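Quick note: residue numbers are just sequence positions, from 1. Predicted, not measured: the structure shown is a model, and the values here were computed from it.
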Amino acid sequence: MDAKNNLGFNGVDHVTFWVGNAKQAASYYNCRFGFQNLAFSGLTTGNRKYATHVVRLKQVTLCFTSPTTIDDEDHAEHMKLHGDAIKDIAFKVDDSRLIYQNAIINGAKSVLEPTELTDKDGTVIMSTIATPISNITYTFVERKNYTGEFLPGYSYDVIHDVLSDFVEPIQIADIDHVVYGVYENKVEETSEWFYKTLGFHRYWSVDDTIVHTENSGLNSIVVADENNSVKFPVIEPVNSVKAKSQTQEFVDFNGGPGCQHFAINTINIIQTVETLKKRGVVFIPTPKHYYSFLKKRLENCPVVVKEEIETLEKYGIFLDYDDEGYLLQTFTKNVQDKPTFIIEFIQKVGHMFGFGYGNFKSIFAAIELEQTLRGNLDRN
Ligand SMILES: O=C(O)C(=O)Cc1ccc(O)cc1
Ligand SMILES: [Fe+2]
């Protein structure tokens with residue numbers, strides 16, 4: 001099979017986290033981010049092994065899974081290494097069998113052969129492969145013969161989260177990109193896996209000549225499917241003699257490679273940040289002097305930025321631009337005690353290609369400040 005054929009990826013279908021307490025994790029995302037309970041699978045639906053709470057906001061669907069048994073070693077091992085962490089990324093695809101078989105003949109390890117799941121709403125075809133990102137698996141979900149909201153086997157008899165009746169919803173759309181942190185000098189090799197196994201291409205790249213502070217840096221290659229429906233920046237640490245890169249901190253605390261953040265597209269980032277702050281979300285502050293430098297950078301900006309700099313400063317939003325458009329972005333602080341996972345909100349205006357060089361360094365510096373507070377910057 002020619003890997004150059006369009007294999008039919010259509011973005012992220014849902015993301016599954018393995019966590020210590022699925023009920024409470026789901027509730028955190030509902031309370032803090034305004035997700036709403038969608039579906040449940042567990043003891044009451046006949047699932048004797050795992051409880052999964054599914055929450056949704058617009059096109060972002062998150063699943064939180066914990067075991068209900070006392071002897072689930074897979075989950076225990078995952079928890080020991082990674083803590084609460086992403087276990088699976090499920091893609092919406094045109095043809096689950098095609099993508100699965102293409103991956104397998106190109107060397108991917110199978111986790112689940114294409115399987116039909118049927119209920120009163122029709123049939124979904126699911127298949128799953130292992131990835132080089134530690135224990136993260138990829139699932140390919142084909143829904144063309146299914147009209148249900150989520151998946152067969154789930155109950156929709158869930159409790160409406162009342163907080164959303166009091167706080168306005170954030171205006172998000174879908175997942176823009178998912179970032180993987182890998183070990184030193186592993187970005188090339190990991191990207192190769194995406195090209196070979198999934199027919200992805202190199203979308204963009206940046207190295208530590210651009211992304212660095214006086215302490216440390218990172219290299220990154222962004223890979224994407226033919227449709228650019230999801231982008232996967234793969235980042236690796238560039239450590240110095242005295243300092244640990246924040247990507248090194250990530251792999252150390254994550255017990256190896258894993259998902260360091262994903263970015264959610266928002267229609268209005270100012271409204272998003274304002275609402276999330278009301279809900280108690282805490283964001284990483286922008287570096288000192290960021291906005292005075294930004295004013296200088298904007299003197300050469302070929303596109304019209306609608307937002308006032310003062311407003312961006314008030315909300316702590318990063319801005320970058322190219323010839324075709326601009327992007328606004330912001331990052332939460334870690335959503336758990338391990339410094340392993342954060343969430344980004346991003347708004348693109350015009351046709352900006354994304355991942356501007358302009359912001360990477362400032363974001364890196366902002367996160368490094370947090371890393372310093374954790375006592376994780378110095379190598380000695
Ligand atoms: O541009 C983006 O979306 C980023 O997320 C940039 C980024 C990613 C990882 C880092 O450790 C620092 C910066
Ligand atoms: Fe990002």
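Under the 6.0 Å cut-off for aromatic ring centres, Y290 and F318 qualify, their centroids lying closer than that. Between F194 and F232, the ring centre distance stays below 6.0 Å. Between H53 and F40, the distance from one ring center to the other falls under 6.0 angstrom. Aromatic rings of F17 and F341 (six-membered ring for Trp) have centroids within the 6.0 Å cut-off, being under it.
Among all heavy-atom pairs drawn from Y326 and V304, the shortest one is CE2-O, 3.4 Å.
Counting only distance, with no hydrogens or angles, the side chain of Q246 and the backbone of F364 share a donor-acceptor pair below 3.5 Å. The backbone N or O of P237 lies less than 3.5 Å from no partner atom in the side chain of S245, so there is not a single donor-acceptor pair. Side-chain atoms of D207 never come within 3.5 Å of backbone atoms of N219 as a donor-acceptor pair (strictly under, hydrogens ignored).
Side-chain atoms of E168 and Q271 include a donor-acceptor pair closer than 3.5 Å. A donor-acceptor pair shorter than 3.5 Å cannot be found between the side chains of H160 and N37. D88 and H14 share no donor-acceptor pair across their side chains, judged by distance under 3.5 Å alone. Between the side chains of T123 and N145, not a single donor N or O lies within less than 3.5 Å of an accepting N or O. Side-chain contact annotation: D72 with Y50, donor-acceptor N/O pair under 3.5 Å present. Using modelled atom types and a 3.5 Å distance limit, the side chains of N239 and S216 yield no donor-acceptor pair. Under 3.5 Å, the side chains of N268 and Q171 contain no donor-acceptor pair of N or O atoms. For the residue pair N215/E368, the side-chain donor-acceptor check at 3.5 Å is satisfied. Side-chain contact, E113 with Y100: no donor N or O sits under 3.5 Å from an acceptor N or O.
At most 12 heavy atoms of other shown residues, nucleotides or ligands fall within 6.0 angstrom of atom NZ in K314. Within a 6.0 Å radius of NZ in K277, more than 12 heavy atoms belonging to other residues, nucleotides or ligands are found. Residue K278 qualifies as enclosed at atom NZ: its count of foreign heavy atoms under 6.0 Å is above 12. The number of heavy-atom neighbours closer than 6.0 Å to CD of E310, taken from other residues, nucleotides and ligands shown, is above 12. Within 6.0 Å of CG in L373 there are more than 12 heavy atoms belonging to other residues, nucleotides or ligands. Counting heavy-atom neighbours within 6.0 Å of D165 CG, excluding the residue itself, gives a total above 12. More than 12 heavy atoms of other shown residues, nucleotides or ligands fall within 6.0 angstrom of atom OH in Y156. Atom CD of Q24 is surrounded by 12 or fewer heavy atoms from other residues, nucleotides or ligands within 6.0 Å.
Under a 4.0 Å N-O distance rule, the pair D252/K244 qualifies as a salt bridge. Salt-bridge annotation for D176 and K348: present, with a side-chain N of the basic residue lying under 4.0 Å from a carboxylate O of the acidic one.
A distance of 13.0 Å separates CG in L319 from CD in E313, rounded to the nearest 0.5 Å.
In this structure the side chain of F345 reaches within 4.5 angstrom of the side chain of L276, judged on heavy atoms. For the pair F262/L62, a side-chain contact is recorded, criterion being any heavy-atom separation below 4.5 Å from C-beta on. By the 4.5 Å heavy-atom criterion applied to side chains, F91 and V141 are not counted as neighbours. A 4.5 Å side-chain heavy-atom check between K295 and S292 finds every atom pair outside the cut-off. Within the 4.5 Å cutoff, the side chain of Q329 has heavy atoms near those of the N359 side chain. Side-chain contact between F64 and Y28 is absent, with no heavy-atom pair separated by less than 4.5 Å.
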Worked verdict on E73 versus K80 for salt bridge (Lys or Arg N to Asp or Glu O under 4.0 Å): CA-CA 10 Å; E73 287 178 7; K80 180 179 146 196; over 6 Å; no
Determine, step by step, whether R56 and E149 satisfy the salt bridge (Lys or Arg N to Asp or Glu O under 4.0 Å) criterion, reporting the C-alpha distance in whole Å, the side-chain angles of both residues, the deciding distance to 0.1 Å, and the verdict. CA-CA 10 Å; R56 177 175 286 170; E149 282 289 325; 2.9 Å; yes
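Applying the ring pair (Phe, Tyr, Trp, His ring centres under 6.0 Å) criterion to Y146, with sequence neighbours excluded, gives no partner residue.
Taking the centre and axis of the six-membered ring of Y203, the NZ or CZ atom of K231 falls inside the cone set by 45° and 6.0 Å.
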